[in-house]
Asker: 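Below is the structure I would like to discuss, written out as structure tokens.
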2 protein chains.
Amino acid sequence: MMMSLDTVFAALSDPTRRAILAMLLEDDMAVTDVAHPFTMSLAAISKHLHVLTAAGLISQEKRGRVKWCKLEPDALREASIWMQSFGQFEAVNLDAFERFLATELPEAAIDAPSD
Amino acid sequence: MMMSLDTVFAALSDPTRRAILAMLLEDDMAVTDVAHPFTMSLAAISKHLHVLTAAGLISQEKRGRVKWCKLEPDALREASIWMQSFGQFEAVNLDAFERFLATELPEAAIDAPSD
DNA sequence: CTAAACGTCAACCATTTGGTTGAATATCAC
DNA sequence: GTGATATTCAACCAAATGGTTGACGTTTAG
């Protein structure tokens, strides 16, 4: 499980893999069942699941002859945080941000009352 | 500007491109200036900027002989929403989700009264 | 006008990716 | 044990990716 932003975003860039994640959102599934809705081969799905596992987005546990796939939202959350940090800064825009620092700071100064 | 989740996530999967986005967060920049901190060639950076533009993550405007690069957070926001939806469902966990459906549905059943 | 700065384009290369098929490995069911 | 089920592995293939270099068009500066 590399869990790097590189591998997480790369894993998310494929529509088949996003569809798999959406399926696992509803319930844990065996590899064969994951493959069922898709037209591609089982081996191809197995590879996709490997990519998702390497990215830390899912985990796989073998019980008997069936390997269960389970969503692991932690990796997703990390990437989500990275993106949200952009979303927040975006609203700011540097010039505006500097004005913000100058004008809106009194709000933050509640426990440091004005002189 | 394709703005699909495919292209947005693929664009975000490269560390050079994420670094470029982080730079553009602070200010709009010319292509040459974007390239400056990196060891790779200008042509390579030009390609990365093309990928980011195709994904809708940045826009480029040519003024005189210099092409300005600007962050476009809308594409990022779309992908962020997709990820957050996972983050939310994750907290639910199917069993709990079904209980939720059973107990909280009255809200949604206003115009579809129970039999 | 000439030269430098800005940036892209085209051709090339190595590696990775997403898919295939067929054989191989476990495990379960009888 | 035999056979069906579940999954992976290995070899292969086409296409995409990320990088290089060198030539090319624009625009600005002197």
Side-chain angles (χ1 to χ4, degrees), chain A residues 1-24 27-71 75, chain B residues 1-24 27-71 75:
Chain A
M1 304 146 197
M2 307 181 60
M3 279 250 215
S4 68
L5 287 175
D6 282 35
T7 51
V8 170
F9 282 133
L12 293 176
S13 73
D14 185 276
T16 300
R17 285 193 292 261
R18 288 199 307 278
I20 291 174
L21 291 178
M23 291 165 60
L24 293 179
D27 211 349
D28 299 358
M29 295 179 76
V31 173
T32 308
D33 294 333
V34 169
H36 188 249
F38 299 97
T39 60
M40 71 187 69
S41 72
L42 184 61
I45 295 294
S46 180
K47 281 191 189 178
H48 280 304
L49 291 172
H50 181 76
V51 172
L52 289 170
T53 302
L57 288 165
I58 70 170
S59 61
Q60 291 179 288
E61 184 199 353
K62 191 167 182 178
R63 280 206 299 272
R65 66 180 162 180
V66 30
K67 203 166 188 178
W68 292 92
C69 305
K70 183 180 185 312
L71 196 63
Chain B
M1 306 142 196
M2 307 184 60
M3 278 250 217
S4 68
L5 288 175
D6 283 33
T7 51
V8 170
F9 282 131
L12 292 177
S13 74
D14 185 276
T16 300
R17 286 193 291 262
R18 288 198 308 277
I20 291 174
L21 290 179
M23 293 165 61
L24 293 179
D27 212 349
D28 299 357
M29 295 180 75
V31 172
T32 308
D33 294 334
V34 168
H36 187 250
F38 299 96
T39 60
M40 70 188 71
S41 72
L42 183 61
I45 296 294
S46 181
K47 280 191 190 178
H48 280 305
L49 291 172
H50 181 75
V51 171
L52 289 170
T53 302
L57 288 166
I58 69 169
S59 61
Q60 291 178 289
E61 184 198 354
K62 192 168 182 178
R63 279 205 301 274
R65 67 177 162 181
V66 30
K67 202 167 187 176
W68 293 92
C69 305
K70 183 184 187 307
L71 195 64

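Chain letters run A, B, ... following the sequence lines, proteins first, then strands; residues in each count from 1. Atom set for the values below is all heavy atoms of this structure, side chains included, hydrogens, waters and symmetry mates excluded.
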Asker: Which whole-number value in Å describes the distance from A:Ile45 CD1 to D:dA6 C1'?
Answerer: 15 Å

Asker: Quick one: list whatever passes side-chain contact (heavy atoms from CB on, under 4.5 Å) with B:Ala10, sequence neighbours left out.
Answerer: A:Ser13

Asker: Okay, side chain of A:Thr53, backbone of A:Leu49: is any donor-acceptor separation there less than 3.5 Å?
Answerer: yes

Asker: Locate the shortest heavy-atom distance separating A:Asp33 from A:Met23; write the atom from each residue and the value.
Answerer: O-CE, 4.0 Å

Asker: Only counting residues at least two apart or in another chain, list the ones meeting side-chain contact (heavy atoms from CB on, under 4.5 Å) with B:Val51.
Answerer: B:Ala11, B:Arg17

Asker: Taking side chain to side chain donor-acceptor pair (under 3.5 Å) as the definition, give me every residue that meets it alongside A:Asp6, ordered by chain and number, with sequence neighbours left out.
Answerer: B:Arg18

Asker: Would you mind reporting whether B:Val31 and B:Gln60 have side-chain heavy atoms less than 4.5 Å apart?
Answerer: yes

Asker: B:Gln60 has an atom CD; how far is it from atom P of C:dC6, in whole Å?
Answerer: 16 Å

Asker: Sequence neighbours left out, what passes side-chain contact (heavy atoms from CB on, under 4.5 Å) with A:Ala44? Give chain and number order.
Answerer: A:Met40, A:Ser41

Asker: So do A:Leu5 and B:Leu12 actually touch side chain to side chain, heavy atoms under 4.5 Å?
Answerer: no

Asker: Can you tell me how far C1' of D:dT5 sits from NZ of A:Lys67, to the nearest Å?
Answerer: 16 Å

Asker: Detail all sub-3.5 Å separations between protein N/O atoms and N/O atoms belonging to nucleotides 27-30 of chain C.
Answerer:
residue: C:dT27; atom: O3'; partner: A:Arg65; partner atom: N; Å: 3.4
residue: C:dT27; atom: O2; partner: A:Arg65; partner atom: NH1; Å: 3.4

Asker: Assign a letter to each nucleotide of nucleotides 15-20 of chain D from its 5' end: B, base within under 4.0 Å of a protein heavy atom; S, sugar-phosphate only; -, no contact.
Answerer: ---SBB

Asker: What is the separation between atom CD on A:Glu61 and atom C1' on D:dT8, rounded to the nearest whole Å?
Answerer: 18 Å

Asker: Name every residue in residues 29-37 of chain A that has at least one heavy atom under 4.0 Å from any atom of DNA chain D, in order of residue number, or write none if there are no such residues.
Answerer: A:Ala30, A:Val31, A:Thr32

Asker: My understanding is that only residues two or more places apart in sequence, or in another chain, count here; which of them pass side-chain contact (heavy atoms from CB on, under 4.5 Å) with B:Lys70?
Answerer: B:Asp28, B:Ser59, B:Glu72

Asker: Applying salt bridge (Lys or Arg N to Asp or Glu O under 4.0 Å), which residue pairs with at least one partner in residues 52-62 of chain A are found, sequence neighbours left out?
Answerer: A:Glu61-A:Arg63

